[in-house]
Structures are given as structure tokens and as C-alpha cells.
Novice: 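Below: one structure in C-alpha cells.
Note that the structure is predicted; figures quoted are calculated from it, not measured. Residue numbers begin at 1 in each chain, while the letters A, B, ... track the order of the sequences.
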Amino acid sequence: MVDNNKIKISNPDKLLWSELGITKVDYLKYLIYITPYIIKHAKDRFLTTIRYPDGYDKKFFYQKKVPSYAPEFVDSARWKDGSEYINLNKQATLVWLGNLASLEFHTTFNRIQKPFSPTNLVFDLDPSEGQVFEQVIEVALNVYDTLNKLNITSYVKTSGATGLQIYIPIGEKYDYNEARKISKFFAEYFANKYPELITIERLKEKRGKKLYFDYLQMWEGKSIITPYSPRATKYASVSMPVKWEEVEAGIKPQDFTIFNALDRIKKVGDIFEPLLDNKNVESFSSILQQIK
DNA sequence: GCCTCGA
DNA sequence: TCGAGGCAACGCCAC
DNA sequence: GTGGCG
């Protein structure tokens, strides 16, 4: 029973992370604990969930549309193609999806209410073969420094088992075309500033041994991992917002798992802003002028 | 994980 | 009645 | 137009 809604739990003792011994019931407990945090970032966005009915390392599939068998309490929003997409805006929906073995929750850059305006940019810093996490940290801190000097607020979180993601609020002021331009502008700027450190080359061959700085091609409906979402990794890691000071002190994405996420959140609170603030907008308008 | 379809 | 299949899909660039 | 890439 969640908020007066009955939810039947099938196979409660099924292992979702077999090596770690995490059963579905264990997993649902985690989801219940972190509900307010993940909901805060997932609500009123179009959800893509990834389901692993037999565990994190077995067959999976993506799900976007509200299935016909969804309970009535599940809220949805109509996409421009006419179909209904899940709005992960309440605990009951989260638990229902948990029972369906949804191990990852991805949401759109934009909110349902303003579908053509992303709320933020995201840079994805993921080390590939032969790179250590220290390189990711070095680049992230360089980016942070630069943004600070431009008076631009940014946030950082782990992306999964290996990388970091940097969020830059843009106040729902731009459409996807403009946001893509701004994102690309920054990516080129950083690639230019740290030519030995990072590359924005899309083709793997051309990347050499530099860190791939992915400025995440964005479009309406594109979704990326939501803050506080678990990831289907062998560590049962969580996409965890962190403080820039923590990045500086040297963290590892594997440090954050569904085992310790709640303790951590209780200790530091939610350090991600709602991503709707306008404080960066002024800095961006001049940048947008320059791009033209 | 659950539903639908076809043998 | 039971197994197989579905459950997502944009923009960019090189070819 | 198709394929690699995220």
C-alpha cells in the first residue's frame, strides 16, 4: 500500500543484483526511501525507464509509453505524437515501476509544461579505455573554474559507474536549436582551451587517448539519467549529485550505491537546484550574440 | 514483468 | 496453453 | 540513403 494505492509485488525475493544479493524487496525499500529526491527531479518531465526483469546484467528494454495495464494512479502527459508518456511524479508510480524491475529512470531536458525549452545543458565526462578517473576530475574542475569566471552556476553529479555529468541551468529560455548551439559553443571552447586534455570528436578513431567531452546532443524527447536514479551496474551505483568540493577532494562514482545513498542524502541534503533558475541567462545572451 | 498474438 | 515477440529512436557526420 | 555514435 502506497498513498492508499494497492500495488501487488510480484516475485518479491527475486534477485535484481545477484552478486550483491539485492532482492526486489530490498530495491523497493531503496526507492521508497529516496522518493522525494528523485521525484523532485523527475516530476513533470517525460520519463524513459529501462527495465531489467531478470536483473541488471540480463535482458533489458526501454519503456516510454504508459502500458495498457498501468494502474489508474499513474499520471501521464501527451507527447506531440499523440501518445501518453509516464510522469514519474509520485511514490506510487515509482514503486509500481520498481516492481516492474525498472532499474533506471531517465527524463527529458524539458518539462512537460514547456516541451520546447530545455531547463539545462549537460556535459558528459566519461573516461574510456586507458583513462583514470583523476583525468575526469581534472577536466571537470577546469570546466567549473571557467564557468565560475564567467559567472555561470553549474552543478555536478556522478553519471553511473564511471563518469561525471555537469549541469548548467538555462532557465527554460531557449529552444532546442539555441540550446544545442550554446552547448556546442562551450564544448568547442573547452576543447580549444585544453587541447591536450579533452576531445569532442564524435568518431572514436579520432579521439586518441584524450578524454571524450560529450556535449550530449539534445532534442525534444531525448532523455538522460535522472539525479538519484539507480543505474544497472554491478555496483548498484546511483547517479549522485555531489559538491564541487567533493570532486576536488577526489570521489569515485562507485562510492555511491543504493546501500549508502540514503545516509548520504540525509547528511548533505539535495544539493541540486531545481534547475529552473534564471541566474545564468544574462551570461548566455551575450554568448548567443557571439555565436551568430 | 506483463500483455497479446498465433500455432 | 504455451512460446515468441514487443516494450525507444534524434541529430550529426562520414561515407 | 545508410551506419556509427552518443
Novice: Rounding to an integer number of Å, can you tell me how far A:Arg51 CZ sits from B:dC2 P?
Specialist: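 Roughly 8 Å, once rounded to whole Å.
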Novice: Between A:Thr257 and A:Tyr235, is there a donor-acceptor pair closer than 3.5 Å when you use the side chain of the first and the backbone of the second?
Specialist: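 Not a single qualifying donor-acceptor pair exists.
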Novice: For the side chain of A:Arg180, counting heavy atoms from C-beta on, which of B:dG1, D:dG6, C:dC12 is nearest?
Specialist: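 Nearest to the side chain of A:Arg180 among the choices is C:dC12.
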Novice: Do the side-chain N or O atoms of A:Asn99 get closer than 4.0 angstrom to the phosphate oxygens (OP1, OP2) of B:dG1?
Specialist: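 No.
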Novice: Does NZ in A:Lys252 sit with more than 12 non-hydrogen atoms of other residues, nucleotides or ligands closer than 6.0 Å?
Specialist: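 Not more than 12 within 6.0 Å, no.
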Novice: Where the side chain of A:Lys184 is concerned, which of B:dG1, C:dC13, B:dC3 is the nearest nucleotide?
Specialist: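 Among the listed nucleotides, the one closest to the side chain of A:Lys184 is C:dC13.
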Novice: Please state how far atom OH in A:Tyr215 lies from atom C1' in C:dC12, giving the value in whole angstrom units.
Specialist: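 For the pair A:Tyr215 OH and C:dC12 C1', the rounded distance is 8 Å.
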Novice: Name the nucleic acid region contacted by A:Lys58, choosing base, sugar-phosphate or nothing; use a 4.0 angstrom heavy-atom cut-off, strictly under.
Specialist: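 The residue A:Lys58 makes no contact with any strand.
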Novice: Taking the P atom in each of B:dC2 and C:dC10, what is the distance between them to the nearest angstrom?
Specialist: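 About 29 Å, rounded to a whole number of Å.
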Novice: Could you tell me how far apart A:Phe109 (CZ) and C:dG11 (P) are, to the nearest whole angstrom?
Specialist: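 For the pair A:Phe109 CZ and C:dG11 P, the rounded distance is 13 Å.
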Novice: Between C:dG11 and A:Asn177, is there an OP1 or OP2 to side-chain N/O distance shorter than 4.0 Å?
Specialist: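 Indeed not, no polar side-chain atom of A:Asn177 lies that close.
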Novice: To the nearest angstrom, how far is A:Leu97 atom CG from B:dC2 atom C1'?
Specialist: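 Atom-to-atom, A:Leu97 to B:dC2, this comes out as 13 Å.
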Novice: Send over the distance from A:Glu201 CD to C:dC12 P, rounded to a whole Å.
Specialist: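 After rounding, the reported distance stands at 16 Å.
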Novice: Just call it for A:Tyr85: base, sugar-phosphate, or nothing, with non-hydrogen atoms closer than 4.0 Å on any strand.
Specialist: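 Touches sugar-phosphate only.
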Novice: Should A:Lys65 be listed as having a side-chain N or O under 4.0 Å from OP1 or OP2 of C:dG6?
Specialist: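 Answer is no, no contact under 4.0 Å.
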Novice: Regarding A:Tyr85 and A:Gln63, do their side chains bring together a donor and an acceptor under 3.5 Å, going by distance alone?
Specialist: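 Short answer, no.
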Novice: Compare the minimum distances between each of B:dG1, D:dG6, C:dA8 and the side chain of A:Trp219, then state the nucleotide with the smallest one.
Specialist: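 Of the candidates, D:dG6 comes closest.
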Novice: What is the distance from CD of A:Glu104 to P of C:dA8, rounded to the nearest Å?
Specialist: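 Answer to the nearest Å: 16 Å.
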Novice: Rounding to the closest angstrom, what is the interatomic distance between D:dG6 and C:dA8 at atom P?
Specialist: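 Straight-line distance between the two P atoms is 23 Å.
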Novice: Choose from B:dG1, C:dA8, D:dG6 the nucleotide whose nearest atom is closest to any side-chain atom of A:Lys64.
Specialist: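 So the side chain of A:Lys64 is nearest to C:dA8.
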Novice: Between D:dT2 and C:dA9, how far apart are the C1' atoms? Round to whole Å, please.
Specialist: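 Their C1' atoms lie roughly 15 Å apart.
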Novice: More than 12 non-hydrogen atoms from neighbouring residues, nucleotides or ligands closer than 6.0 Å to CG on A:Asn151, yes or no?
Specialist: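 Atom CG in A:Asn151 is not packed in, count stays at 12 or less.
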Novice: Of all the nucleotides listed (B:dC3, C:dA9, D:dG6), which has the minimum atom distance to the side chain of A:Asp124?
Specialist: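 Of B:dC3, C:dA9, D:dG6, D:dG6 is nearest to the side chain of A:Asp124.
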Novice: Distance check: side-chain N/O of A:Ser10 vs OP1/OP2 of B:dC2, anything under 4.0 Å?
Specialist: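 For B:dC2, OP1/OP2 do have a side-chain N/O of A:Ser10 under 4.0 Å.
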Novice: Check every atom of B:dC3, D:dG6, C:dA9 against the side chain of A:Tyr212 and return the nucleotide holding the closest atom.
Specialist: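 Closest of the options to the side chain of A:Tyr212: D:dG6.
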Novice: Looking across every strand, which nucleic acid part, if any, lies under 4.0 Å from A:Thr48 by heavy atom: base, sugar-phosphate, or nothing?
Specialist: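 If one applies the 4.0 Å heavy-atom cut-off, A:Thr48 turns out to touch nothing in the nucleic acid.
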Novice: I'd like to know if A:Lys40 and A:Asp270 make a salt bridge, using a cut-off of under 4.0 Å between side-chain N and carboxylate O.
Specialist: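 Answer for the salt bridge query: yes.
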Novice: Centroid distance below 5.5 Å plus an interplanar angle below 30 degrees: do A:Phe61 and B:dG1 meet both conditions?
Specialist: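 Yes; by the centre-distance and plane-angle rule, A:Phe61 counts as stacking on B:dG1.
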Novice: Atom CG of A:Leu100 to atom C1' of B:dC3: distance rounded to whole Å?
Specialist: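 In whole Å, B:dC3 C1' and A:Leu100 CG are 12 Å from each other.
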Novice: Let me know the distance between CG of A:Leu47 and C1' of C:dC7, rounded to the nearest Å.
Specialist: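 Computing the A:Leu47:CG to C:dC7:C1' distance gives 14 Å.
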Novice: Just checking A:Lys24: base, sugar-phosphate only, or nothing, at a heavy-atom cut-off of under 4.0 Å?
Specialist: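 Sugar-phosphate contact only.
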Novice: So, A:Ser239 and A:Thr158: side-chain donor and acceptor under 3.5 Å apart, yes or no?
Specialist: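 No, no side-chain donor-acceptor contact under 3.5 Å.
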